[in-house]
Amino acid sequence: MFITFLEELRAAKIPASMKEHLMLLEALKADVIDWSITDFYYLARAVYVKDEALLDRFDLVFGKVFKGLETSIETGEAEIPAEWLRAVAELNLSDEEMAALEKLGWDKLMETLQKRLEEQKKRHEGGNKWIGTKGRSPFGAYGSHPEGVRIGQDKNRKNSAVKVWDKREFRNLDDSVELGTRNIKVALRRLRRFAREGAADELDLDKTISGTAKQGWLDIVMRPERHNAVKLLLMLDVGGSMDPHIKVCEELFSAARSEFKHLEFFYFHNCPYEALWKDNKRRWSERTPVMDLLHKFPHDYKLVFVGDASMSPYEINYAGGSVEHWNEEAGEAWLRRMLDVYRSAAWLNPIPEKNWTHSQSIQMIRSIMEDRMYPLSLEGLDRAMRELTRSH
């Protein structure tokens with residue numbers, strides 16, 4: 001059974017190695033969980049799923065392989081969880097209809113449902129006894145009993161049942177749209193490269209113990225704090241067509257600031273030219289020449305542009321093409337200068353990738369970036385981080 005589970009996970013493109021499979025078997029052998037399908041589900045998910053975007057896919061595979069296992073290893077009785085029995089719906093029938101129906105009472109209702117589940121062997125429609133549809137039985141779907149238990153019915157029906165006992169449904173997680181600061185942080189962590197630099201102000205416990213054992217006296221060894229050594233230059237397009245994307249850009253910026261100790265950011269509009277700025281309120285009075293930036297920050301910085309690349313083609317390949325000032329050189333010239341210094345670079349575009357072919361300027365920027373343009377989504381961030389970790 002577990003080999004089938006492993007094969008189904010791989011077929012669903014969930015990374016599942018034999019090492020993880022053996023880990024699961026070892027955990028089961030060690031009795032780390034109680035023998036219930038719920039505990040096994042959480043154990044298997046912890047072993048196999050390393051990416052939040054794969055959770056729903058894992059659920060689908062698990063349901064496919066182990067469907068029905070709970071009732072086969074338990075007593076076979078379909079107990080209704082106690083917390084499901086607390087909600088009482090409003091009664092929607094008329095006084096005449098209400099008078100025509102016998103009210104079983106809550107305890108009797110639950111007792112009768114239990115008996116029906118044990119006795120009934122097939123699907124039933126109509127009538128007033130068996131669990132089924134379109135009847136006046138207090139159990140089933142699409143019926144009219146005011147004090148019933150609804151089983152398997154769409155939620156937009158009469159809503160007159162005491163309890164809705166519906167099939168659990170999941171919406172597929174979409175790694176093209178599910179963003180947020182936390183998810184962005186997870187994606188950015190692919191860029192981590194830890195190093196110890198600076199003052200030795202952290203106790204190295206292992207070396208202290210080793211040194212003390214060798215010397216025969218307390219030998220305290222200190223070390224620099226461990227931190228992410230990756231250096232990042234973040235270039236953010238602001239204004240105009242980027243206004244609808246402010247929220248996701250803020251989330252990206254917030255996540256980047258918390259993840260990278262060595263982070264420098266600058267703003268530009270549409271396309272980088274001879275100068276960038278740090279404060280949008282003083283963008284004309286306090287500007288940083290791009291040439292100063294290229295000389296100040298060494299080539300080991302990772303360069304990331306964030307923008308929709310939506311503009312007139314003249315802004316990219318003509319002097320004087322900028323919509324805000326007279327640029328002596330084309331935007332393409334400045335882009336190429338930056339890429340020559342920072343070979344590890346990527347462009348994140350908030351516009352869905354399927355729409356890129358409709359824009360000439362996006363195609364031009366993508367060409368200048370040597371196809372290193374990625375959508376600003378979880379899947380796109382993952383691809384961009386992989387690109388930035390490549391050796392150049």
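Counting only heavy atoms from C-beta outward, the side chains of Leu28 and Phe2 approach each other to under 4.5 Å. Between Tyr273 and Glu328, every side-chain heavy-atom pair lies at or beyond the 4.5 Å cut-off. You'll find the side chain of Glu379 stays beyond 4.5 Å of the side chain of Tyr374, heavy atoms only. Side-chain contact between Ser322 and Tyr314 is absent, with no heavy atoms from C-beta onward closer than 4.5 Å. Leu294 has its side chain within reach of Tyr342: a pair of non-hydrogen atoms, C-beta onward, lies under 4.5 Å apart. In this structure, Phe266 and Leu236 have side chains that are not in contact, with every pair of non-hydrogen atoms separated by 4.5 Å or more. Put simply, the side chain of Tyr301 reaches to within 4.5 Å of the side chain of Pro298, judged on heavy atoms. Side-chain contact between Phe305 and Asp237: absent, with no pair of heavy atoms (C-beta onward) separated by less than 4.5 Å.
Of all heavy-atom pairs between Lys302 and Leu388, the closest is NZ-O, 2.7 Å. Closest heavy-atom contact between Ala346 and Ala384: CB-CB, 4.4 Å. When all heavy atoms of Met364 and Asn317 are compared, the pair lying nearest together is CE-ND2, 3.3 Å. Residues Trp277 and His269 come closest through the heavy atom pair CH2-N, 3.7 Å. Taking all atoms of both residues into account, the shortest heavy-atom contact from Ile351 to Asn355 is CG2-CB, 4.0 Å. Taking both residues in full, the closest heavy atoms of Val306 and Met242 are given as O-CE, 4.4 Å, listed atom of the first, atom of the second, then distance.
Annotation: the span from Leu9 atom CG to Arg57 atom CZ amounts to 11.0 Å, rounded to 0.5 Å. Interatomic distance, OG1 of Thr208 versus CG of Leu218, reported as 7.5 Å (0.5 Å rounding). Residue Leu348 holds its CG atom at 10.5 Å from CZ of Arg383, rounded to the nearest 0.5 Å. Residue Ser344 holds its OG atom at 8.5 Å from CZ of Arg390, rounded to the nearest 0.5 Å. To the nearest 0.5 Å, the span separating CD1 on Ile220 from CG on Asp204 amounts to 12.0 Å. With values rounded to the nearest 0.5 angstrom, Glu8 atom CD is found 12.5 Å from Ile3 atom CD1.
No more than 12 heavy atoms of other residues, nucleotides or ligands shown are found within 6.0 angstrom of CG on Asp34. Summarising the local packing, OH of Tyr318 is surrounded by 12 or fewer heavy atoms from other residues, nucleotides or ligands at distances under 6.0 Å. Within a 6.0 Å sphere centred on NE2 of His299, other residues, nucleotides and ligands contribute 12 heavy atoms or fewer. More than 12 heavy atoms of other residues, nucleotides or ligands lie within 6.0 Å of CZ in Phe297, so this atom counts as buried by the packing criterion. More than 12 heavy atoms of other shown residues, nucleotides or ligands fall within 6.0 angstrom of atom CZ in Arg336.
Remark: side-chain polar atoms of Thr389 are paired, donor with acceptor, to backbone N or O of Arg386 under 3.5 angstrom. His295 places a side-chain N or O within donor-acceptor distance of the main-chain N or O of Met291, the cut-off being under 3.5 Å. Looking at Ser359, its side chain never comes within 3.5 Å of a backbone N or O of Ser310 through a donor-acceptor pair. No side-chain donor-acceptor contact under 3.5 Å links Arg283 to the backbone of Asp279. Panel note: side chain Arg366, backbone Arg372; no donor-acceptor pair is recorded below 3.5 Å. Remark: side-chain polar atoms of Ser367 are not paired, donor with acceptor, to backbone N or O of Gln363 under 3.5 angstrom. Side-chain atoms of Asn327 come within 3.5 Å of backbone N or O of Gly320 as a donor-acceptor pair.
If you check the side chains of His245 and Glu250, you find no donor sitting under 3.5 Å from an acceptor. Under the 3.5 Å distance criterion, with hydrogens and angles disregarded, a donor-acceptor pair is assigned to the side chains of Asn270 and Glu315. Under 3.5 Å, the side chains of Ser36 and Thr38 contain no donor-acceptor pair of N or O atoms.
A ring-centre distance under 6.0 Å is not found for Tyr48 and Phe62. Ring centroid separation for the pair Phe66 and Tyr41 does not come in under the 6.0 Å cut-off.
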**Item:** From CA spacing to verdict: side-chain contact (heavy atoms from CB on, under 4.5 Å), Leu233, Leu263
**Value:** CA-CA 6 Å; Leu233 275 175; Leu263 170 68; over 6 Å; no

**Request:** Run the numbers on Val290 and Glu274 for side-chain contact (heavy atoms from CB on, under 4.5 Å), then give the verdict.
**Result:** CA-CA 5 Å; Val290 171; Glu274 68 279 359; 5.6 Å; no

**Asked** So Lys281 and Glu286, salt bridge (Lys or Arg N to Asp or Glu O under 4.0 Å) or not? Walk me through it.
**Response** CA-CA 9 Å; Lys281 294 180 180 178; Glu286 298 180 10; over 6 Å; no

**Request:** Please step through salt bridge (Lys or Arg N to Asp or Glu O under 4.0 Å) for the pair Lys50 and Glu20, ending with a clear verdict.
**Result:** CA-CA 11 Å; Lys50 306 299 189 298; Glu20 291 163 331; 2.9 Å; yes

**Request:** Walk me through it: do Ser241 and Asp308 pass the test side chain to side chain donor-acceptor pair (under 3.5 Å)?
**Result:** CA-CA 8 Å; Ser241 58; Asp308 60 7; 2.5 Å; yes

**Prompt:** Run the side-chain contact (heavy atoms from CB on, under 4.5 Å) check on Ile365 and Leu335 step by step: do they pass?
**Reply:** CA-CA 9 Å; Ile365 294 292; Leu335 267 175; 3.6 Å; yes

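A cation-pi arrangement is absent between Lys278 and Tyr267 under the rule of less than 6.0 angstrom and at most 45 degrees off the ring axis.
Trp334 and Leu339 fall within a single hydrophobic cluster, where Ile, Leu, Val, Met, Phe, Trp and Tyr are joined by side-chain heavy atoms under 4.5 Å apart, directly or via other members. Hydrophobic cluster membership differs between Met222 and Trp217, with clusters built from Ile, Leu, Val, Met, Phe, Trp and Tyr side chains linked at under 4.5 angstrom. Val49 and Leu24 fall within the same hydrophobic cluster, defined by Ile, Leu, Val, Met, Phe, Trp and Tyr side-chain heavy atoms under 4.5 Å apart, directly or through other members. Ile14 and Leu43 fall within a single hydrophobic cluster, where Ile, Leu, Val, Met, Phe, Trp and Tyr side chains are chained together by heavy-atom contacts under 4.5 Å. Hydrophobic cluster membership is shared by Ile362 and Phe268, with clusters built from Ile, Leu, Val, Met, Phe, Trp and Tyr side chains linked at under 4.5 angstrom.
Under the 30°/60° scheme for interplanar angles, the aromatic rings of Phe5 and Phe40 are found to be tilted.
With Pro272 as reference, Met338 is the one residue of Met338, Arg337, Met235 to meet the side chain to side chain contact (heavy atoms under 4.5 Å, CB included) rule.
The residues Glu26 and Lys29 are annotated as not salt-bridged, no charged nitrogen and carboxylate oxygen being separated by less than 4.0 angstrom.
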